[in-house]
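Below is one structure, written out as structure tokens, with a few remarks after it.
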Amino acid sequence: IDRAMNVVHIQKEQFLRRVRQLVAQWRWPVDAILLVLGKASDEAGEHKVLAMHHWLLGYEFPETLILLLRCGRVVFLAGASKIAYLQQIACNEVTLMTRRGGAAGEPVVDAEQWSEFASIIRGGRGQTRLGMLRKTRHIGSFAETVVKEVPALAGVEVVECRDQISMLLAPKDIGEVELARKSAFWAQHSMQHLFIIKLEEVIDRDLKQTNRELCDAVMADLESEDLMNRWQSDYGLDSGELDIVYVSLQSSKRYELRPAVEPNEDVVPMQGTYLLSIGTKYSEYSACIARTILVDPTKKQKSAYTLAVEVHDQIIADLKPGVPFKEIYLSARALVQRSQPNLLDRFVTNVGFSMGLEFKDHQLLLAEKCDRQVVGGMVLCVSVGFIENTGQSPNNQASCWAVWIAN
């Protein structure tokens with residue numbers, strides 16, 4: 001992607017290779033998959049659709065339909081400007097349909113074109129099973145109209161395909177793994193050489209700074225032009241591909257062991273447990289890191305941190321192809337039970353998740369009820385911790401603590 005020149009360059013060979021990969025993995029009880037993307041909006045909830053756009057094309061194409069057929073044919077329905085970009089991947093396997101309708105006074109979806117698109121979905125079959133991401137929140141009349149019209153099509157049964165998309169995107173190729181490594185390196189380096197140092201400065205100098213103010217300062221430094229240029233010159237990271245997902249600090253009164261917790265307005269205390277977390281993306285591939293800083297900790301807190309490290313290391317050792325996710329979680333929980341049973345009720349309910357183009361895949365959690373298996377090439381965030389939020393008063397800082405390690 002050449003952002004400086006605003007040039008859209010789609011890698012045709014990569015697109016075709018991934019379509020072939022999709023067909024090779026197609027063991028699903030559906031005849032086709034329809035990906036619906038609405039208007040670009042922070043209010044939308046289209047994470048898996050966006051991930052598929054980036055996986056196939058390297059870009060997001062708002063207000064676009066992508067129909068994936070079991071035979072390997074791909075059909076795009078989009079506006080003229082988007083179709084012009086998509087001409088780069090034109091070939092026998094790709095059908096490009098320029099959207100009609102939608103102008104003032106016209107139907108949102110042209111009836112004749114919709115009938116043609118529906119015929120492609122049916123593929124001459126009397127009954128067609130169509131996979132869609134049905135729990136996705138779309139913005140815009142085009143996407144909203146499509147998701148209402150499709151289930152009403154005669155001879156088309158719409159089924160959820162969230163699990164199938166998750167398993168398709170879970171294993172990464174060599175290029176994807178390298179992008180994930182760069183994202184992880186950026187997160188780790190930012191944590192070690194910026195975030196932790198700023199927190200230590202606040203504590204050492206007894207500064208009256210809130211959790212939010214400290215996170216805002218870290219975010220401003222990470223987004224500064226000078227630091228972005230240094231990432232490129234010192235480490236070969238393209239500053240145009242770097243993106244900060246979140247910066248989070250939790251301290252004092254309440255804790256949550258998950259990414260992207262909004263920092264609050266509490267003043268950073270001078271002792272206790274501090275949870276620092278950063279989420280990053282490089283060329284849209286995600287990374288997440290969390291660290292715990294202990295200042296004058298209790299014996300129980302130190303013991304919990306030591307056990308968290310031990311559990312973390314065991315999980316990494318257990319992550320082998322073919323092992324069910326739930327066995328990894330239960331093995332981690334068993335270690336807590338053997339070592340410090342008094343901490344079992346404070347242990348996390350999952351010990352990580354699959355990530356990549358989608359920051360956190362909720363279909364692939366390292367949790368007790370997840371039957372999915374580890375697959376070679378997966379990128380996972382291993383997340384381990386203990387939390388104590390059971391103080392008699394929410395303002396009782398001493399009774400609330402947590403330890404958390406995520407990589």
Side-chain angles (χ1 to χ4, degrees), residues 187-224 227 244-280 288-312 336 340 342-351 381-407:
Q188 187 275 333
H189 201 278
S190 299
M191 174 70 75
Q192 181 178 350
H193 297 286
L194 182 61
F195 200 177
I196 290 176
I197 290 174
K198 279 191 175 292
L199 175 60
E200 290 175 342
E201 181 182 5
V202 168
I203 297 171
D204 291 343
R205 296 175 58 187
D206 196 11
L207 301 177
K208 302 303 179 185
Q209 194 168 31
T210 67
N211 292 315
R212 185 180 302 278
E213 288 171 342
L214 196 151
C215 290
D216 288 346
V218 172
M219 183 75 81
D221 283 352
L222 289 173
E223 292 178 333
S224 68
L227 192 55
I244 306 160
V245 180
Y246 72 89
V247 174
S248 176
L249 171 65
Q250 301 178 67
S251 64
S252 70
K253 300 173 184 176
R254 196 77 186 171
Y255 299 92
E256 296 180 67
L257 304 188
R258 62 176 179 83
V261 173
E262 190 73 16
N264 61 29
E265 301 292 348
D266 291 346
V267 173
V268 177
M270 295 301 104
Q271 64 178 37
T273 60
Y274 308 77
L275 306 186
L276 302 82
S277 184
I278 293 178
T280 58
C288 173
I289 186 172
R291 294 290 182 265
T292 300
I293 301 296
L294 305 174
V295 177
D296 296 329
T298 65
K299 182 178 180 181
K300 185 177 185 179
Q301 292 165 1
K302 288 192 291 185
S303 179
Y305 181 82
T306 300
L307 180 56
V309 173
E310 186 178 352
V311 173
H312 174 275
V336 176
Q340 298 187 50
N342 60 311
L343 290 176
L344 196 59
D345 62 347
R346 295 169 176 79
F347 189 53
V348 288
T349 56
N350 71 77
V351 291
C381 174
V382 174
S383 175
V384 178
F386 300 93
I387 186 168
E388 172 65 90
N389 277 330
T390 58
Q392 295 180 355
S393 166
N395 295 318
N396 185 354
Q397 178 179 314
S399 64
C400 298
W401 59 271
V403 297
W404 183 26
I405 304 168
N407 288 293

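We're numbering straight along the sequence, starting at 1. FYI, side chains are in, hydrogens and waters are out, and symmetry mates aren't considered; it's all heavy atoms of this structure.
Under a 3.5 Å cut-off, the side chain of Tyr274 and the backbone N or O of Val295 do not form any donor-acceptor pair. Looking only at distances, a side-chain donor or acceptor of Gln301 sits under 3.5 Å from a matching main-chain atom of Thr298. No donor-acceptor pair closer than 3.5 Å links the side chain of Ser251 to the backbone N or O of Val268. Here the side chain of Gln340 pairs a donor or acceptor atom with the backbone of Ser303 at under 3.5 angstrom. Side chain of Asp206 to backbone of Met270: no donor-acceptor contact under 3.5 angstrom is found. The backbone N or O of Pro263 sits less than 3.5 Å from a side-chain atom of Arg212, completing a donor-acceptor pair.
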Practice problem: Apply the test side chain to side chain contact (heavy atoms under 4.5 Å, CB included) to residues Leu307 and Leu343: give CA-CA distance (whole Å), side-chain angles for both, the deciding distance (0.1 Å), then the verdict. | Solution: CA-CA 10 Å; Leu307 180 56; Leu343 290 176; 4.2 Å; yes
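The minimum heavy-atom distance linking His312 with Ile405 is given by the pair CD2-CG2, 4.0 Å. Taking both residues in full, the closest heavy atoms of Lys198 and Asp221 are given as CE-OD2, 2.7 Å, listed atom of the first, atom of the second, then distance. Across all non-hydrogen atoms, the minimal contact from Tyr246 to Ser277 is OH-OG, 2.5 Å.
A side-chain donor from one of Arg291 and Asn407 sits under 3.5 Å from a side-chain acceptor of the other.
Using a 4.0 Å cut-off between charged nitrogen and carboxylate oxygen, Asp266 and Arg254 do not count as a salt-bridge pair.
Among residues two or more places apart in sequence or in another chain, the salt bridge (charged side-chain N to carboxylate O under 4.0 Å, His left out) test is passed with Glu310 by none.
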